[in-house]
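Report on the following structure.
We're numbering straight along the sequence, starting at 1.
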Amino acid sequence: MDDWISVPEVTRYAFGTSRVVMVNEAHDGLARCIRTREAGCTMIRAAHSVGVRNLAMEALRRRAGPPAPLRSLPPEREGYLGQPDMIRLIGSAVELGWNLWAYEAVIDDRPGVPADPVSQEFTNWREREQAQNLAAIVAAAPDEPFLVWTGNGHASKVSAREWMPMGVHFCTLAAEPFVIDQTVSVAWP
């Protein structure tokens with residue numbers, strides 16, 4: 001096909017359109033499409049060429065308190081962070097001197113956190129928390145571009161039935177991101 005553009009081209013185009021570019025990977029629990037993470041490594045290099053130096057990731061554990069960047073691979077090596085392809089993705093940014101930002105919801109026993117982690121109420125709470133955390137990170141550096149790495153449909157800017165994704169909340173709280181949806185190219189068995 002002649003109409004396809006390369007990963008670096010779409011990345012540069014995206015950052016020419018928005019200072020926040022959200023990209024998803026395809027995963028189902030710890031099963032994942034490694035190709036989406038490999039594309040992420042290519043995106044990081046292309047984004048670097050246009051001045052991006054910030055990678056915000058759902059997979060990084062966020063601590064309570066004001067957001068602060070990490071500048072090295074996190075010491076935790078469990079779950080996604082123990083997978084070699086995720087280590088390569090994060091390492092691509094670290095090697096270029098990027099800031100790593102964690103925006104995951106802090107799940108603890110404080111009031112207001114829904115008790116059932118598989119409920120729609122909990123899912124929507126988590127999506128809202130992620131968007132608020134990410135909006136605070138982006139607001140703290142108003143002139144800097146951000147590459148945001150999400151899983152599956154979190155970056156979606158469209159609600160689905162009772163589900164309100166992080167991307168919908170982020171549009172309301174901060175800005176409209178450019179979203180690159182890699183999951184449309186993955187067929188799970």
**Request:** Indicate yes or no for a side-chain donor-acceptor contact from Arg126 to the backbone of Pro117 under 3.5 Å, with no hydrogens or angles considered.
**Result:** no
**Request:** Determine yes or no for a side-chain-to-main-chain donor-acceptor pair under 3.5 angstrom, with Asn133 supplying the side chain and Glu104 the backbone.
**Result:** yes
**Prompt:** Using 4.0 Å as the upper bound for N to carboxylate O, is an ion pair formed by Glu176 and Lys157?
**Reply:** yes
**Item:** Least distance between heavy atoms, Leu100 atom then Ala93 atom
**Value:** CD2-CB, 4.1 Å
**Item:** Where Phe170 and Ala131 come nearest, the two heavy atoms and their spacing
**Value:** N-CB, 3.7 Å
**Any donor-acceptor N/O pair, Tyr103 side chain to Glu129 backbone, under 3.5 Å** = no
**Prompt:** For Thr36, does its backbone N or O pair with a side-chain atom of Gln182 as donor and acceptor, under 3.5 Å?
**Reply:** yes
**Message:** Any side-chain to backbone donor/acceptor pair from Arg71 onto Trp98? Under 3.5 Å, distance only.
**Reply:** no
**Prompt:** Any side-chain heavy atom of Leu30 sitting closer than 4.5 Å to one from Tyr80?
**Reply:** yes
**Request:** Classify the side-chain pair Asp181/Asn24 by whether it contains a donor and acceptor separated by less than 3.5 Å.
**Result:** yes
**Message:** Under a 3.5 Å distance rule, please check whether Arg19 uses its side chain to pair with a backbone N or O of Glu144 as donor and acceptor.
**Reply:** yes
**Message:** Is it the case that the side chains of Arg37 and Gln83 hold a donor-acceptor pair, with the cut-off being a distance below 3.5 Å and no angle test?
**Reply:** yes
**Prompt:** Say you draw a straight line from CD of Glu95 to CG of Leu73; how long is it, rounded to the nearest 0.5 Å?
**Reply:** 8.5 Å
**Request:** Could you check Val148 against Trp101 for side-chain contact (heavy atoms from CB on, under 4.5 Å), going step by step and ending with a plain yes or no?
**Result:** CA-CA 9 Å; Val148 179; Trp101 297 91; over 6 Å; no
**Request:** List for me each residue that meets ring pair (Phe, Tyr, Trp, His ring centres under 6.0 Å) alongside His169, sequence neighbours excluded, and say none if there are none.
**Result:** none
**Request:** State whether the side chain of Arg77 and the backbone N or O of Pro74 hold a donor-acceptor pair below 3.5 Å, judged by distance alone.
**Result:** yes
**Shortest non-hydrogen contact from Pro8 toward Ala46** = CA-CB, 3.6 Å
**Asked** Hey, is the main chain of Gly151 close enough, under 3.5 Å, to the side chain of Glu58 for a donor-acceptor pair?
**Response** yes
